[in-house]
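Contents: one structure, followed by commentary.
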Amino acid sequence: MMTKFIDYQDIEPKLSLLNDRHEFIHTEYKNHESYLEFKDFTKEQKGFIETNSRGYPINYDSYAKAKHRNFSEKGWHIAPLYVEENEYKSNTDLLPTLANTLYEIGILSVCALNVLDPDQNLDWHLDTDYIPGVQLLRILWGLDIDPDDENDSLIQIRDEFGRVETKKIQNKEFYIFHPMSEHRVENNMKSSRTLLCLDYVPSHSTCIL
């Protein structure tokens, strides 16, 4: 079966800077995780996916209205870093190594951290392109996944013939795909997993969260 995942070197070789600096980025993140502005979209995502089979559209308004992450409640959470090439400084000021690395790479239309807590999932769905007729790429990168956990966090893509491709989510690995492809994620580990998410829109820099 032909893979639906794309090699990062075919998109932007400078993405390798993230792997080169993973140790520093990871330490910085763990030191500041509880201070970052994460918003909780658990109910919105699950309800919208159940009703529409699409991911919940996160934009300026929906982000502003969302509740802050509560570390005692399991779910799916997002912390913006860059939006339309503008820094979300309440987060980037806490993560200067990551912020500067993203600036060097130059994919700054939408950059965010997303967290999926233990025993949580987002069921099969697709995400609509920002610009009609311009297919974006979703770039996910493993930032904080416990390598000692005996259980896995997974991402799956289903092709047009119903065949499912599954990848284990790991630190320093890239998972790049067209989000209009049907996909799902789950976390069976005992700890939360954190990914860096970049949305790459070829030849366009203006989009929403």
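Here the structure is a predicted model, which means the values were calculated and not measured.
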Quiz question: by atom type and distance under 3.5 Å, do the side chains of Ser62 and Glu44 form a donor-acceptor pair? no
Sorted by chain and residue number, the salt bridge (charged side-chain N to carboxylate O under 4.0 Å, His left out) partners of Asp146 (sequence neighbours excluded) come out as none
Flag for Asn171-Glu173: side-chain donor and acceptor within less than 3.5 Å: no
Only counting residues at least two apart or in another chain, list the ones meeting side chain to side chain contact (heavy atoms under 4.5 Å, CB included) with Arg158. Trp124, Val164, Glu182
Exactly one of Glu28, His26, Glu23 should register a side-chain hydrogen bond (donor to acceptor under 3.5 Å, both in side chains) with Thr97. Which one does? Glu28
Does a side chain donor of either Trp141 or Asn19 reach within less than 3.5 Å of an acceptor in the other side chain? yes
Should we count CZ of Phe48 as having more than 12 external heavy atoms under 6.0 Å? yes
Not counting sequence neighbours, which residues clear salt bridge (charged side-chain N to carboxylate O under 4.0 Å, His left out) with Asp152? List them please. Lys168
Run the ring-centre check on Phe38 versus His68 and record whether the distance is less than 6.0 Å. no
Heavy-atom closest pair (Pro96 atom, Asp93 atom, distance to 0.1 Å) is CD-O, 3.8 Å
Could you go step by step and tell me if Arg138 and Asp199 meet the salt bridge (charged side-chain N to carboxylate O under 4.0 Å, His left out) rule? CA-CA 5 Å; Arg138 173 81 28 88; Asp199 278 353; 2.5 Å; yes
Suppose we screen for side-chain hydrogen bond (donor to acceptor under 3.5 Å, both in side chains). Which residues come up paired with Tyr175, at least two apart in sequence or across chains? none
With under 30° as parallel and over 60° as perpendicular, where do the rings of Tyr63 and Tyr88 fit, or are they tilted in between? perpendicular
Under the side-chain hydrogen bond (donor to acceptor under 3.5 Å, both in side chains) test, which residues partner Ser16, sequence neighbours left out? none
Tell me whether the count of non-hydrogen atoms from other residues, nucleotides or ligands lying under 6.0 Å of CZ in Phe71 goes above 12. yes
Can a donor-acceptor pair be found between the side chains of Arg193 and Asn188 at a distance below 3.5 Å? no
When you compare the side chain of Asp123 with that of Glu50, does any pair of heavy atoms fall below 4.5 Å? no
Pairing residues for Ser181 by the side chain to side chain contact (heavy atoms under 4.5 Å, CB included) criterion, not counting sequence neighbours: Lys4, Ile157, His178
